[in-house]
Amino acid sequence: MNVKIKGLFASLPLIVMFSGMSFSVSAGSNTIVVENAWIREAPPGAGALAGYAKINNTSVKDVYLQGADSVSFGMSMLHMTQEDEQHKMSMHHMASLKIPAKSSVQLQPGGTHIMLMRPARQLKAGDEVVIMLNFSDGITAPTRFTVIRK
Ligand SMILES: [Cu+2]
């Protein structure tokens, strides 16, 4: 996060709300609501986990998810899963993910996800971790993810 974004942040009224499993953050005319944020439980010693959520953009302007940050992981990044002609699955880093105006995008297994590398501790079903979702226009949504066994 750079100085320009911090300046923008300071000048805008910022409203943060938690209600059950959903989280919303507003800055200026942008409103993002994150729902059902979860992390798939991984076997002990796993070097990477994946996080999923539904991201709603309730504003009239497109917003871009540009990355993630969490003190609970050595590195967090946006990934997409692709299948080639031989039906081999591979994952690729994504610089940004568009959340169209008045629309939503689902991060889900087999699709776009937040790759969470080098967990600081073993995470078990029921644990909660906060991951900062970084959007365009300097919007940061601190989102509570619940670890689920699936
Ligand atoms: Cu991945």
Side-chain angles (χ1 to χ4, degrees), residues 1-2 4-6 8-9 14 16-27 30-59 61-150:
M1 191 156 287
N2 63 34
K4 189 176 140 231
I5 287 171
K6 277 180 185 154
L8 175 71
F9 230 5
L14 188 74
V16 174
M17 282 170 55
F18 278 105
S19 77
M21 288 290 280
S22 82
F23 173 84
S24 86
V25 59
S26 302
N30 296 304
T31 301
I32 293 159
V33 182
V34 184
E35 293 176 282
N36 298 322
W38 65 282
I39 292 168
R40 189 196 288 274
E41 189 189 48
L49 293 88
Y52 311 100
K54 185 181 182 189
I55 302 168
N56 304 285
N57 177 7
T58 64
S59 73
K61 191 183 160 204
D62 296 342
V63 170
Y64 295 82
L65 176 60
Q66 297 176 320
D69 265 305
S70 177
V71 294
S72 299
F73 301 94
M75 182 157 56
S76 310
M77 61 164 74
L78 199 53
H79 266 185
M80 63 182 291
T81 307
Q82 272 180 333
E83 191 179 348
D84 67 15
E85 297 89 43
Q86 282 82 45
H87 303 289
K88 247 182 88 180
M89 306 294 267
S90 59
M91 298 192 295
H92 302 273
H93 173 242
M94 269 179 107
S96 76
L97 172 69
K98 183 178 179 175
I99 319 291
K102 296 279 175 198
S103 188
S104 66
V105 170
Q106 179 83 53
L107 306 188
Q108 59 193 344
T112 310
H113 56 276
I114 298 163
M115 200 84 238
L116 303 163
M117 281 156 282
R118 303 195 304 273
R121 63 185 173 92
Q122 170 71 33
L123 294 171
K124 294 190 193 73
D127 288 349
E128 290 188 337
V129 292
V130 173
I131 298 170
M132 311 298 284
L133 299 181
N134 302 320
F135 294 92
S136 48
D137 293 329
I139 299 173
T140 298
T143 306
R144 209 171 350 172
F145 283 69
T146 304
V147 179
I148 293 176
R149 187 171 300 153
K150 272 196 185 176

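Both ligands and their constituent atoms are indexed starting at 1 by order of listing.
His113 has its closest N, O or S atom to the Cu ion (ligand 1) at the position named NE2. Nearest N/O/S atom of His79 relative to the Cu ion (ligand 1): this is ND1.
Taking the centre of each ring, Phe145 and Trp38 stay at or above the 6.0 Å mark.
Among the atoms of Met77, no N, O or S atom falls under 2.8 Å of the Cu ion (ligand 1). With a cut-off of 2.8 Å, the Cu ion (ligand 1) has an N, O or S atom of Met115 in range.
Ring geometry for His79 against His113 counts as perpendicular: the plane angle is over 60°, on a 0 to 90° scale with 30° as the lower cut.
Side chain to side chain, Asp69 and Asn134 meet the donor-acceptor criterion of an N or O pair below 3.5 Å. Counted by atom type alone, Asn56 and Thr58 present zero donor-acceptor pairs between their side chains at under 3.5 Å.
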